[in-house]
There are 2 protein chains.
Amino acid sequence: MDTNQVSLICKALSDPNRLRIIQLLTYGEQCGCELLDQMQITQPTLSHHMKALEGCGLVSSRKKGKWNHYSLNCDQWTAFRDYIESIRCACISDEKGGCCCS
Amino acid sequence: MDTNQVSLICKALSDPNRLRIIQLLTYGEQCGCELLDQMQITQPTLSHHMKALEGCGLVSSRKKGKWNHYSLNCDQWTAFRDYIESIRCACISDEKGGCCCS
DNA sequence: ACGATATATTGATGATTGTCAATATGATTT
DNA sequence: AAATCATATTGACAATCATCAATATATCGT
């Protein structure tokens, strides 16, 4: 995953509502109305946020009948998580002589 | 670290230039002019970005004479990294029966 | 066919953002 | 004191964003 892609994902996560949605989806797939029940926003706003989360590849949607089921895109999230994890600060811990971020 | 703080950090990282600055600072403390040499932005823009990165607590600055030395705030970065790492998707891998994100 | 439900789109608005040129501040050197 | 260098601030502008009300689309149950 390259820098621009990471920035796009960070932009998607820069809204507390969207970060909350991601966390809700870690419990598994949910439809829009379920997500809506757990949040304090209107339905068009939720739709807008879901589009943003889909746009950066973090969320996938699966339409079944009336419902649209959203789920966290595991591969994309893992790639993002790995990227963030790979950034480590260079400071030295006094205690063990290693990096304090280890 | 709470959700709002994470969102603020994500917003700070949602600009590719700022993400790049964070990566440059993983090599250790650098002054503004050093950072500027490695980027394609003007000095006021760099100053603006550094303020944003300081504002969310990711970067600390230390003034010494003419120079302002910036460094990655290890504790804050680690807390952010841990938060992101703690978000795991619930999908099940077919291969080993565990979570594919492990 | 009709009403109800889930979701998407449109249009509008106020707020925030990234960027630069111009200028200011503050420290060092000559 | 004057010139130089590193950085910060101001002011401006175009672009993007989060949000909602209103409306549209699509699917299900009756």
Side-chain angles (χ1 to χ4, degrees), chain A residues 2-25 28-73, chain B residues 2-25 28-73:
Chain A
D2 70 343
T3 307
N4 280 331
Q5 184 66 29
V6 172
S7 284
L8 284 178
I9 291 179
C10 282
K11 185 183 290 184
L13 298 178
S14 70
D15 183 272
N17 285 317
R18 288 198 288 261
L19 187 53
R20 177 100 193 287
I21 291 168
I22 292 294
Q23 288 173 318
L24 290 174
L25 291 181
E29 195 182 54
Q30 294 194 46
C31 69
C33 57
E34 282 176 306
L35 290 171
L36 196 57
D37 283 344
Q38 303 168 78
M39 306 193 66
Q40 312 300 322
I41 53 177
T42 63
Q43 182 272 320
T45 300
L46 177 68
S47 185
H48 168 74
H49 286 317
M50 297 319 292
K51 200 170 184 177
L53 289 170
E54 286 189 83
C56 72
L58 273 188
V59 165
S60 299
S61 65
R62 182 175 65 87
K63 186 147 195 174
K64 191 165 189 183
K66 265 190 296 194
W67 288 271
N68 212 343
H69 296 272
Y70 299 99
S71 58
L72 192 52
N73 186 337
Chain B
D2 70 343
T3 306
N4 279 331
Q5 184 65 28
V6 172
S7 284
L8 285 178
I9 292 180
C10 282
K11 185 182 290 183
L13 298 178
S14 71
D15 183 271
N17 284 318
R18 287 198 289 262
L19 187 54
R20 176 101 194 284
I21 291 168
I22 292 296
Q23 287 174 318
L24 290 173
L25 291 181
E29 195 182 54
Q30 293 195 47
C31 70
C33 57
E34 281 176 306
L35 290 172
L36 196 57
D37 283 344
Q38 302 169 77
M39 307 192 66
Q40 313 300 323
I41 53 177
T42 63
Q43 182 271 321
T45 299
L46 177 67
S47 186
H48 168 75
H49 285 317
M50 298 318 292
K51 200 171 184 177
L53 289 170
E54 285 189 84
C56 71
L58 273 188
V59 164
S60 299
S61 64
R62 182 175 64 89
K63 185 147 196 174
K64 191 166 188 183
K66 265 190 296 194
W67 290 271
N68 211 345
H69 297 271
Y70 299 99
S71 57
L72 192 51
N73 186 338

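In what follows, chains are A, B, ... by sequence order, proteins preceding strands, each numbered from 1.
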- line: Of B:Lys63 and A:Ser61, the one whose closest nucleotide on DNA chain C sits nearer the 5' end is A:Ser61
- prompt: Taking atom P of D:dC17 as reference, at what distance in whole Å does atom CD1 of A:Ile41 sit?
  reply: 17 Å
Closest listed nucleotide, where the reference is the side chain of A:Cys33 and the choices are C:dT7, D:dA8, D:dT7: C:dT7
message: Is there a side-chain contact (heavy atoms from CB on, under 4.5 Å) between B:Met50 and B:Ser61? Walk through the geometry before answering.
response: CA-CA 9 Å; B:Met50 298 318 292; B:Ser61 64; over 6 Å; no
- request: Return the value, rounded to whole Å, for the distance between atom CE of B:Met39 and atom C1' of D:dA6.
  value: 17 Å
message: In this structure, how many angstroms lie between the P atom of C:dT5 and the CG atom of A:Asp37, rounded?
response: 13 Å
field: Separation of A:Ile41 CD1 from A:His49 NE2 (nearest 0.5 Å)
entry: 4.5 Å
- line: Looking only at heavy atoms, the pair that brings B:Cys31 and B:Tyr70 closest together is C-CD1, 4.3 Å
task: May I ask you to evaluate whether B:Lys11 reaches the phosphate of D:dC17, defined as a side-chain N or O under 4.0 Å from OP1 or OP2?
output: no
N/O (side chain, B:Asn68) to phosphate O (OP1/OP2, C:dA27) under 4.0 Å: no
query: So does B:Thr42 get a side-chain nitrogen or oxygen closer than 4.0 Å to the phosphate oxygens (OP1/OP2) of C:dT19?
result: no
query: Is there a side-chain polar atom (N or O) of B:Ser47 under 4.0 Å from OP1 or OP2 of D:dA8?
result: yes
field: B:Lys64 NZ - D:dA6 C1' separation (whole Å)
entry: 16 Å
- prompt: Which nucleotide, C:dT19, D:dC20, D:dT7, lies nearest any side-chain atom of B:Trp67?
  reply: D:dT7
field: Nearest-angstrom distance from the residue atom CD1 of B:Ile21 to C1' of C:dG18
entry: 12 Å
task: Counting heavy atoms from C-beta on, name the nucleotide in C:dA21, D:dA8, C:dT9 closest to the side chain of A:Pro44.
output: C:dT9
field: Closest-nucleotide 5' rank along DNA chain D - winner of A:Ala52 and B:Glu54
entry: B:Glu54
task: State the CD-SG distance between B:Gln38 and B:Cys33, to the nearest 0.5 angstrom.
output: 10.0 Å
field: Spacing between A:His69 atom NE2 and C:dT7 atom C1', to the nearest angstrom
entry: 12 Å
field: Nearest-nucleotide pick for B:Asp15, side chain only, options being C:dA6, C:dT19, D:dA6
entry: C:dT19
- prompt: Less than 3.5 Å between a donor and an acceptor, one on the side chain of B:Gln43 and one on the base of D:dA8, is that the case here?
  reply: yes
statement: Separation of C:dC20 atom C1' from B:Leu36 atom CG, nearest Å, is 13 Å
- prompt: Which nucleotide in the list C:dT7, C:dT19, D:dA18 gets nearest to the side chain of B:His48?
  reply: C:dT19
Candidates B:Asn73, B:Ile22, B:Ile9 - the one meeting side-chain contact (heavy atoms from CB on, under 4.5 Å) with B:Leu53: B:Ile22
- prompt: Stepwise, does the side-chain contact (heavy atoms from CB on, under 4.5 Å) test hold for A:Leu24 with A:Glu34?
  reply: CA-CA 10 Å; A:Leu24 290 174; A:Glu34 282 176 306; over 6 Å; no
- prompt: If you pin A:Lys66 and A:Leu46 to their nearest nucleotides in DNA chain C, which one's is more 5'?
  reply: A:Lys66
field: Contact under 4.0 Å: B:Tyr70 side-chain N or O vs D:dA6 OP1/OP2
entry: no
- request: To the nearest Å, give me how far apart NZ (A:Lys51) and P (C:dA8) are.
  value: 9 Å
